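Each ligand, and each atom within it, is numbered from 1 in the order the structure gives. This structure is a prediction, so every number in the text was calculated from the model and none was measured.
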Amino acid sequence: MSEPQPSAATTKQVMVRCPSCSETVPYRTDNPYRPFCSKGCKAIDLGAWASEQFRVEVKPKTEDFPDID
Ligand SMILES: [Zn+2]
């Protein structure tokens, strides 16, 4: 469904967009940071994910609910 598609039939190279910097990079199985372009981008994304989780976790939910009688 959402698998990366080859950019051309004549090549096995699969291009993916780095989730962090949106740079289009070759998807390589020997890249330990895939689908990110680099170690830095992977660290950024993990950091953003962690802070998002933290923010959601500490967010008070009481005000999100209307008064139901
Ligand atoms: Zn990147």
Side-chain angles (χ1 to χ4, degrees):
M1 302 293 188
S2 56
E3 291 292 313
Q5 297 295 321
S7 54
T10 53
T11 177
K12 291 169 69 176
Q13 185 88 291
V14 176
M15 303 300 291
V16 295
R17 206 168 67 170
C18 173
S20 283
C21 68
S22 298
E23 190 82 21
T24 303
V25 294
Y27 185 94
R28 298 168 59 95
T29 53
D30 60 346
N31 172 15
Y33 312 118
R34 66 182 185 276
F36 302 94
C37 66
S38 67
K39 180 180 180 180
C41 277
K42 183 173 185 178
I44 289 170
D45 189 79
L46 289 177
W49 183 86
S51 55
E52 178 71 12
Q53 289 295 108
F54 180 74
R55 190 180 65 79
V56 170
E57 192 170 328
V58 299
K59 181 182 178 183
K61 290 187 172 182
T62 51
E63 299 203 345
D64 289 344
F65 293 95
D67 258 328
I68 302 176
D69 248 315

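- Nearest approach of S20 to C41, heavy atoms of both residues: OG-O, 2.7 Å.
- Cluster membership for V25 and V14, using ILVMFWY side-chain heavy atoms within less than 4.5 angstrom, is shared.
- Shown here for F36 and N31, the closest heavy-atom pair between the two residues is O-ND2, 3.1 Å.
- Every residue was checked against the side-chain hydrogen bond (donor to acceptor under 3.5 Å, both in side chains) condition with R17, not counting sequence neighbours, and none meets it.
- Expressed to the nearest 0.5 Å, how far OH of Y33 lies from NZ of K39 amounts to 5.0 Å.
- Near-neighbour remark for the Zn ion (ligand 1): protein N, O or S atoms under 2.8 Å are C18 SG, C21 SG, C37 SG, C41 SG; waters not counted.
- Of all the heavy atoms in T24 and M15, the pair that sits closest is CG2-CE, 3.6 Å.
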